Every structure is written in structure tokens, then in C-alpha cells.
Amino acid sequence: MERSPGTRVRLGGSSVELSPLGLGTAPLGNGGYREVDEEAAAATVLAAWEAGVRYFDTAPHYGLGLAERRLGRALAGLPREQYAVSTKVGRLLEPTPHRAGRWDDQGFAVPAAYGRRWDFSADGVRRSLEQSLERLGLDRVDVVLLHDPDHHWEQAVGEAYPALHELRDQGVVGAIGAGMNQARMLERFAVETDVDAVLLAGRYTLLDQGAAATMLPACLRAGVSVIAAGVFNSGILAVDEPSADATYDYAAAPGPLRDRALRIAAVARRHGVGLPQAAMAFCARHPAVAGVLVGARSAGEITHDARLLSAPVPEDLWADLEAEGLLVPGTAH
């Protein structure tokens with residue numbers, strides 16, 4: 001399903017609409033232990049805006065609040081009614097003066113001035129959202145997602161979800177859902193609760209099509225929109241020719257997986273399509289997917305991704321990938 005940059009897709013039964021491409025801000029929180037300076041962070045957000053991006057995703061977890069602060073500063077002055085912001089709840093940030101001089105140990109190049117504490121209680125949801133709004137400098141966010149409740153299902157569905165449901169009913173937030181790196185629990189949220197959207201990271205890609213079996217069809221039946229994130233599987237699908245040091249899910253890519261990526265790239269190349277373009281287009285074309293979310297740490301990266309996603313992809317590409325056993329049967333239709 002090709003979508004122009006000006007297209008908007010509504011999340012579930014909510015009134016919140018997303019652009020086909022969203023900017024993920026984990027890199028702007030110095031993710032991957034790679035520092036991004038203030039000027040580059042602001043330029044990335046503004047370049048996304050110029051490219052037609054109107055959806056921005058963040059979380060307290062990203063750089064211990066740094067990503068939220070940077071996003072808020074960059075969006076200040078832009079017309080609020082024209083963009084949507086999602087943030088997440090489930091990790092409360094608490095000051096850690098005893099860790100002065102130490103650095104964060106969870107993937108972000110920031111001082112460990114705060115610690116993360118899992119909290120999917122109703123009070124934790126409200127406190128987290130209040131803190132996020134302060135960091136963002138906004139009076140509301142459009143989407144709130146339960147963040148990685150993998151080991152907290154009971155509290156997340158029994159306490160956090162009802163709190164979000166109430167906030168949505170009150171008009172405090174426009175849409176609610178969950179964001180995870182696994183499909184099974186997100187499918188449960190889609191089937192067993194009244195969420196508007198789920199954010200699935202890395203589990204529906206050219207190299208991992210598992211979510212196509214039951215999760216995506218379940219979301220379609222339930223009217224729950226899917227935001228596809230991690231579409232490059234942390235790097236292996238982000239370049240036309242994955243090298244020997246390519247990463248898959250933030251670790252060294254196994255040889256057979258790299259070989260599979262190279263085979264996909266070869267088929268795509270016959271159709272005049274690069275591997276990153278195919279990776280984004282594959283996710284975007286599924287009818288359950290409302291938008292594709294990509295992280296970027298520079299203006300050039302997000303401009304490049306926006307250009308690729310807006311370019312047409314020959315329909316025959318998907319049939320050829322399926323014929324060569326590189327797509328699960330049925331995903332090409």
C-alpha cells in the first residue's frame with residue numbers, strides 16, 4: 001500500500017491521525033551509547049518536519065528523559081494541531097544522587113542522574129505522564145503506550161490499562177496502546193482490551209515475518225492499528241549490502257541471516273529497489289499498519305528515509321520474494 005507524504009491514517013477508533021512515516025527519538029536520547037549534540041538533534045526533528053513527518057515517538061526511557069526534552073524544544077513553535085506525539089509509561093524516572101559521576105548502563109550515553117523503576121500502577125501511569133508533559137513542554141500528548149510490559153502483564157492490564165482508558169475517556173489523551181519487541185503479548189492487548197494501537201518493534205520485518213501469522217490479522221479484526229518500528233532490525237536492513245559486521249537486534253547478525261538479507265537485496269535490486277526501501281515498504285503495505293517508525297540521529301538520515309518511503313515499489317517485487325522462499329506465503333498479497 002503506497003501512501004503519499006500527505007496521507008493521514010487514523011489510529012483505531014480514535015481521532016488521532018499519523019503520517020505514514022514517524023520519527024523515533026531514541027537516537028536523540030544518545031541511544032546506542034552514541035552522543036548527538038543539541039544542534040544535530042534539533043536539526044533532525046526539523047528535517048523530519050520538512051520531509052512531511054507529522055508523527056514523533058518518544059519515551060522517558062530514551063536517555064533518561066533527554067529525548068523528550070530535545071523533542072519538546074525542537075517542536076516548540078510548530079503548529080500543535082498539525083502533529084502527533086506518542087510517549088510511554090511503565091518506567092518511572094527517579095533521581096539517583098548516589099550515582100553521581102556514573103553513566104547510564106542501559107544503552108544511552110547520558111549521566112546516570114536518574115534511575116528507572118518499573119511501575120505499571122495507575123498512580124505510576126499518571127506520575128509518568130505528568131513528568132513527560134513537563135519534559136516535553138506540552139499540555140497534552142496524543143498517544144500513550146505501555147512500554148515493554150513483558151514481565152508485568154497482570155499489573156499492566158489490571159492497573160495501567162484502566163488508568164489509560166480513563167484518561168482517554170476524559171480527553172486527556174487521544175489514543176492508548178502498548179509498545180513492545182514481541183508480537184504475542186501485543187496480540188493479547190488487541191484481543192483482550194480496548195486499545196487503539198500497538199507499536200511492534202522488530203517483529204514484522206523482511207527478516208522476521210512472524211507477526212503476519214496471527215497478530216496482524218487479529219489487529220485487523222479488532223480494529224487496532226499497528227505502528228511498525230524496528231523495520232531495519234537495528235541495522236542489517238538499513239544498507240543495500242549488509243557487511244560482515246552487520247547487526248541484527250543490536251547484536252552481531254548470524255551468518256545465515258546475513259545471507260538471507262543479501263538474497264533479499266539481490267531480488268530487490270532486480271526491481272530497481274534498495275534494501276532499506278524494500279524494508280520500509282514491506283511493513284507499510286500491510287493493511288493493519290498505520291505507519292512506519294524509524295529512528296534517526298541526523299537530518300540526512302530522516303530525509304533519506306522519507307524519500308525512500310515515498311518512492312514507488314514495483315508490486316512484482318513481493319511476488320518474486322515469495323517465489324524464492326524469502327517471504328512467508330501470503331504476505332505478498
Side-chain angles (χ1 to χ4, degrees), residues 1-5 7 9 20-21 181-184 186-187 190 198-221 224-249 251-294 304-333:
M1 180 187 304
E2 293 174 13
R3 295 168 181 157
S4 68
T7 303
V9 178
L21 182 65
N181 297 298
Q182 60 150 298
R184 181 175 296 181
L186 288 183
E187 183 175 341
V198 293
L199 191 159
L200 177 64
R203 301 282 71 84
Y204 183 63
T205 73
L206 282 174
L207 291 175
D208 184 344
Q209 299 147 35
T214 63
M215 182 224 164
L216 295 180
C219 288
L220 271 178
R221 290 191 299 271
V224 173
S225 297
V226 177
I227 301 166
V231 298
F232 301 133
N233 282 126
S234 86
I236 190 171
L237 297 175
V239 294
D240 288 327
E241 290 286 334
S243 62
D245 61 352
T247 59
Y248 176 84
D249 287 359
L257 204 62
R258 176 173 172 262
D259 291 343
R260 187 177 182 86
L262 289 170
R263 289 179 60 201
I264 293 171
V267 175
R269 193 161 48 247
R270 296 204 302 264
H271 292 271
V273 175
L275 186 57
Q277 181 183 1
M280 289 190 289
F282 171 73
C283 296
R285 71 191 301 273
H286 196 286
V289 173
V292 170
L293 185 69
V294 297
H304 178 69
D305 287 345
R307 184 169 62 249
L308 290 183
L309 186 59
S310 65
V313 173
E315 193 66 20
D316 288 348
L317 167 60
W318 314 116
D320 285 356
L321 287 172
E322 184 174 307
E324 296 201 19
L326 296 168
L327 284 188
V328 173
T331 57
H333 306 295

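Residue numbers run from 1 in the order of the sequence given. Only a predicted model underlies this, so the values are computations on that prediction, with no experimental measurement involved.
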If we only count heavy atoms from C-beta on, is the [X] to [Y] side-chain gap below 4.5 Å?
X	Y	answer
R285	V313	no
L262	P242	yes
D240	P276	yes
V289	L200	no

Between [atom1] of [X] and [atom2] of [Y], what distance do you get to the nearest 0.5 Å?
X	Y	atom1	atom2	answer
L327	F282	CG	CZ	5.5 Å
R307	H304	CZ	NE2	6.0 Å
R263	L321	CZ	CG	9.5 Å
L293	L21	CG	CG	8.0 Å
L199	S225	CG	OG	11.5 Å
L216	R221	CG	CZ	10.5 Å

If every non-hydrogen atom of [X] is compared with every non-hydrogen atom of [Y], which pair is closest and at what distance?
X	Y	value
L308	M280	CB-CE, 3.5 Å
T247	S234	OG1-O, 3.1 Å
C283	A228	CB-CB, 4.0 Å
P20	T7	CD-O, 3.2 Å
A253	I236	CB-CD1, 3.7 Å
R203	D249	NH2-OD2, 2.9 Å

* To do: Anything under 30° is parallel, anything over 60° is perpendicular, the rest tilted; go ahead and classify H286 against Y204.
  => perpendicular
* Would you check, one step at a time, whether the test side chain to side chain contact (heavy atoms under 4.5 Å, CB included) holds for L186 with V226? => CA-CA 10 Å; L186 288 183; V226 177; over 6 Å; no
* Structure fact -> Sorted by chain and number, sequence neighbours left out, side-chain hydrogen bond (donor to acceptor under 3.5 Å, both in side chains) with D320 holds for H271
* Set of residues satisfying side-chain contact (heavy atoms from CB on, under 4.5 Å) with respect to T205, sequence neighbours excluded -> L207, D208, N233, L237
* Salt bridge or not for E324 and R270, using N-O below 4.0 Å? -> yes
* Asked: If only atom types and distance count, is the side chain of R260 paired as donor or acceptor with the main-chain N or O of L326 below 3.5 Å?
  -> yes
* Applying ring pair (Phe, Tyr, Trp, His ring centres under 6.0 Å), name anything that partners F232, two or more places apart in sequence or on another chain. => none
